[in-house]
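Proteins get letters first, then strands, A, B, ... in listed order; numbering begins at 1 in each.
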Number of protein chains: 2
Amino acid sequence: MSQHSGSENADVEERSGPKTERGRRTLRRLLDAAGEEFGARGYHETAISHITQRAGVGLGTFYVYFKSKEEVFRALVADMGARTRHALSESVKGAANRLEAERLGIKAYLDFVRGHKALYRVVMEAQFVAPEAYRDYYRTFSAAYRQELAQAAKRGEISPGQDDEVRVWALMGASTFLGLRYGVWEDDADVVAISEAAADLMINGLAPRAKKRDASSS
Amino acid sequence: MSQHSGSENADVEERSGPKTERGRRTLRRLLDAAGEEFGARGYHETAISHITQRAGVGLGTFYVYFKSKEEVFRALVADMGARTRHALSESVKGAANRLEAERLGIKAYLDFVRGHKALYRVVMEAQFVAPEAYRDYYRTFSAAYRQELAQAAKRGEISPGQDDEVRVWALMGASTFLGLRYGVWEDDADVVAISEAAADLMINGLAPRAKKRDASSS
DNA sequence: TCGGAACCTGAATGTTGACTCATGTTTCAA
DNA sequence: TTGAAACATGAGTCAACATTCAGGTTCCGA
C-alpha cells in the first residue's frame with residue numbers, strides 16, 4: 001500500500017505539488033472538475049476523460065497530477081472532511097453551551113450539505129470506493145465530537161451518558177441521514193423547522209416531557 | 001423501465017418465476033451466491049462469473065433468471081428490506097410501550113446486522129448502484145416507523161414531537177450508523193451495553209437529567 | 001539566447017467484463 | 001414414447017475505459 005517515496009504525504013499529490021503558478025491552476029481545475037463529475041455521476045460512471053474535458057485539459061494531463069483515478073477521489077474525500085469540520089466549528093463558535101451548539105450544528109450541517117451536494121455524495125460513496133478514507137473521515141470527526149461531549153458533560157451541560165462513542169455515532173448518523181433526506185433529496189423543505197425538530201429529539205429524546213418548563217426557546 | 005409483461009411484479013423475476021423445482025433451486029442458488037459475492041466484494045468488483053461459479057452453474061444460466069446484473073442487485077435489496085422489517089417487528093412484539101420497543105429494536109437491529117453483514121452492505125451500496133431501490137427501502141421503513149411513533153404519541157408514551165418524519169429519519173440514521181460502527185466494523189463489542197447507551201440517548205436525549213426518577217430500567 | 005525543468009497532449013495499448021446466442025440437455029404431460 | 005417447454009451452457013462479441021508513452025510546448029534563470 002505505502003511506498004515510502006520520500007515525501008511526507010503521498011496521498012494527495014504525487015511528488016510535492018506543482019512548482020509553477022500554471023501548474024497550481026491546472027491542479028485546482030482538475031480537482032474541481034473531479035468533484036463535480038464524481039458528485040453528479042458517481043465514481044464508476046465517471047471517466048477520467050470526463051474530468052479532463054470539464055477541466056479543459058488533455059487526457060494525459062490528469063496523470064501528471066494524480067497517480068490514479070482513486071487518488072483524486074481520496075483527495076476529494078479528505079478535502080471534504082476538512083471543509084465540513086471547518087464549517088461546523090465556525091457555526092458553533094457563538095454557542096453559549098453544548099445544547100445550543102447541537103442546535104446550531106444541525107442547522108449548519110444541513111445548510112452545508114445543500115451547498116455541497118456533489119461533495120457530500122463523494123463522501124458517502126467513499127465507503128465503497130475508498131473505505132480507508134471513509135473511516136478516516138468519521139474517525140477524525142468522531143474524535144473531535146467526542147471530546148466536545150466529554151467536556152460538556154464535565155460542565156454539566158449535558159447528561160454524563162453511558163458511552164460517548166455510542167452517543168457520537170448515533171448523533172452523526174442522525175445528522176447524516178437528515179442531510180441525505182432534507183439536504184440532498186428534498187432540498188426545499190424548511191431547514192430551520194427541520195433542524196429545530198431534530199435538535200429537540202437529540203436534546204430531549206423521545207420520552208414524554210414532564211409538566212415543567214421545557215428546554216425549547218423562542 | 002416497466003414492461004407490463006403480465007406479471008404483477010416484474011422486479012424480482014423476469015416472467016413469473018421458475019416453473020419447475022429445478023428452476024427454483026437454481027434461482028435460489030444464484031440469489032444466495034449473489035448476496036455473498038456482492039456483500040464481500042461490492043457491486044463493481046463482483047463479476048457475473050463470480051456469482052455463477054459460486055452458485056455452481058454456467059455463466060449463461062444467470063441470464064435465464066435475471067435480465068441484468070443490476071436486477072439481481074435490486075432483488076437483493078428488496079429481499080433485505082423485507083427481512084429486516086420482519087426481524088424488527090418480531091423483536092418488538094413483546095414491548096410494553098414504545099420506549100421499550102425502541103430499546104428492543106436497537107438491540108435487535110445490531111444483532112441482525114451482525115448476522116447479515118453481507119446483505120447490510122448491499123443495502124448501503126444500493127444508494128449508488130440502485131438509488132430507486134435504496135429510496136424504497138427507507139421509504140417503506142420510515143412509513144411504518146412513523147406510524148408507530150404517531151400512535152405512541154397519541155397514547156402519551158412519547159412526546160408529541162414537532163415532526164415525526166424528522167424524528168424517524170434521525171432515529172434511522174442513528175441506528176444505521178451504530179450498525180455500521182458496531183455491527184460491521186467492530187463486531188465484538190458488547191451489544192447490550194451499546195444498545196442500552198443508544199436507547200438512553202434516543203429516549204432521554206443529551207440534556208442533563210433533573211434530580212428525579214429517570215426512565216431507565218434494570 | 002540557450003538549456004533544461006515543468007508542464008501538456010491524445011493516440012495507442014491492454015484489460016476487463018456484461019451480455020448474446022447457437023446449441024445442447026432435462027423434464028413432464030399427453 | 002415423445003415432443004416441446006423449461007432449463008443449462010460457455011465461447012464469442014463488443015464497448016468501455018484506465019493507464020502509458022513518445023513527442024511536443026511553455027517558462028525562466030543564467
Side-chain angles (χ1 to χ4, degrees), chain A residues 3 6-7 10 12-34 37-38 40-76 125 128-130, chain B residues 3 5-7 12-34 37-38 40-76 125 128-130:
Chain A
Q3 304 190 21
S7 89
V12 180
E13 300 111 348
E14 61 286 4
R15 11 173 190 240
S16 42
K19 294 283 185 295
T20 71
E21 184 50 37
R22 179 166 64 135
R24 277 185 290 276
R25 198 164 41 234
T26 304
L27 173 58
R28 177 110 305 273
R29 277 181 171 206
L30 281 169
L31 277 171
D32 290 345
E37 289 292 327
F38 283 143
R41 325 162 72 122
Y43 182 80
H44 294 281
E45 300 304 305
T46 296
I48 304 296
S49 64
H50 296 152
I51 296 173
T52 54
Q53 257 172 283
R54 185 186 279 255
V57 301
L59 174 56
T61 304
F62 178 89
Y63 292 92
V64 172
Y65 294 91
F66 302 100
K67 272 201 292 294
S68 69
K69 186 180 178 182
E70 247 192 72
E71 194 184 87
V72 225
F73 194 83
R74 272 188 254 114
L76 249 21
E125 196 168 14
F128 306 99
V129 173
Chain B
Q3 302 191 24
S5 52
S7 89
V12 179
E13 300 111 344
E14 62 284 4
R15 19 179 181 231
S16 40
K19 294 286 187 292
T20 71
E21 184 50 36
R22 178 166 66 135
R24 276 185 290 275
R25 198 165 40 234
T26 304
L27 173 58
R28 176 111 304 273
R29 278 179 169 206
L30 281 170
L31 277 171
D32 290 346
E37 288 293 326
F38 283 144
R41 327 163 69 123
Y43 182 79
H44 294 282
E45 300 303 307
T46 297
I48 302 296
S49 62
H50 296 152
I51 296 173
T52 54
Q53 256 172 281
R54 184 185 280 253
V57 302
L59 210 195
T61 304
F62 178 90
Y63 291 93
V64 172
Y65 294 91
F66 301 100
K67 273 203 291 293
S68 68
K69 186 180 178 182
E70 248 192 69
E71 194 184 86
V72 225
F73 194 83
R74 271 187 255 113
L76 249 21
E125 196 168 13
F128 306 99
V129 173

Undergrad: Answer yes or no: does a side-chain N or O of T26(B) lie under 4.0 Å from OP1 or OP2 of dA8(D)?
TA: yes
Undergrad: Take the protein atom CZ of F73(B) and the nucleotide atom C1' of dG17(C), then report the distance between them rounded to whole Å.
TA: 17 Å
Undergrad: Just N and O in the side chain of T20(A): are any of them under 4.0 Å from OP1 or OP2 of dT26(D)?
TA: no
Undergrad: Taking atom OH of Y65(B) and atom CG of L27(B), what is their separation to the nearest 0.5 Å?
TA: 7.0 Å
Undergrad: Do L30(B) and V57(B) make a side-chain contact, defined as non-hydrogen atoms from C-beta onward lying under 4.5 Å apart?
TA: yes
Undergrad: Report the residues that fulfil salt bridge (Lys or Arg N to Asp or Glu O under 4.0 Å) with R22(A), sequence neighbours left out, ordered by chain and then residue number.
TA: none
Undergrad: Distance check needed: dC8(C) P versus F66(A) CZ, whole Å only.
TA: 12 Å
Undergrad: Output one line per pair: protein atom, nucleotide atom from nucleotides 17-20 of chain D, and distance, for all N/O pairs under 3.5 Å.
TA:
unit_1: dA18(D); atom_1: OP1; unit_2: T46(A); atom_2: O; d: 3.4
unit_1: dA18(D); atom_1: OP1; unit_2: K69(A); atom_2: NZ; d: 2.6
unit_1: dA18(D); atom_1: OP2; unit_2: I48(A); atom_2: N; d: 2.7
unit_1: dT19(D); atom_1: OP2; unit_2: Y63(A); atom_2: OH; d: 3.2
unit_1: dT19(D); atom_1: OP2; unit_2: K69(A); atom_2: N; d: 3.0

Undergrad: Given atom CZ of R41(A) and atom P of dA16(D), what is their separation to the nearest angstrom?
TA: 12 Å
Undergrad: Rounded to the nearest Å, what distance is computed from the CZ atom of residue R22(A) to the P atom of nucleotide dA6(C)?
TA: 12 Å
Undergrad: Quick one: do R74(A) and E71(A) make a salt bridge, cutoff under 4.0 Å?
TA: no
Undergrad: Indicate yes or no: at least one non-hydrogen side-chain atom of Y63(A) is less than 4.5 angstrom from one of I48(A).
TA: yes
Undergrad: Please work out whether the ring planes of F38(A) and F73(A) are parallel, tilted or perpendicular, with thresholds of 30° and 60°.
TA: perpendicular
Undergrad: Give one of base, sugar-phosphate or nothing for T61(B), where a contact means two heavy atoms less than 4.0 Å apart.
TA: base
Undergrad: Specify the separation, in whole Å, of atom CZ of R25(B) and atom C1' of dA6(D).
TA: 14 Å
Undergrad: What is the distance, rounded to the nearest whole Å, between atom OH of Y65(B) and atom P of dA18(C)?
TA: 20 Å
Undergrad: Round to the nearest Å and state the distance from K19(A) atom NZ to dA6(C) atom P.
TA: 6 Å
Undergrad: Measure from CZ on R29(B) to P on dC7(D) and round the result to the nearest Å.
TA: 15 Å
Undergrad: Of all residues at least two apart in sequence or in a different chain, which pass the salt bridge (Lys or Arg N to Asp or Glu O under 4.0 Å) check with E45(A)?
TA: none
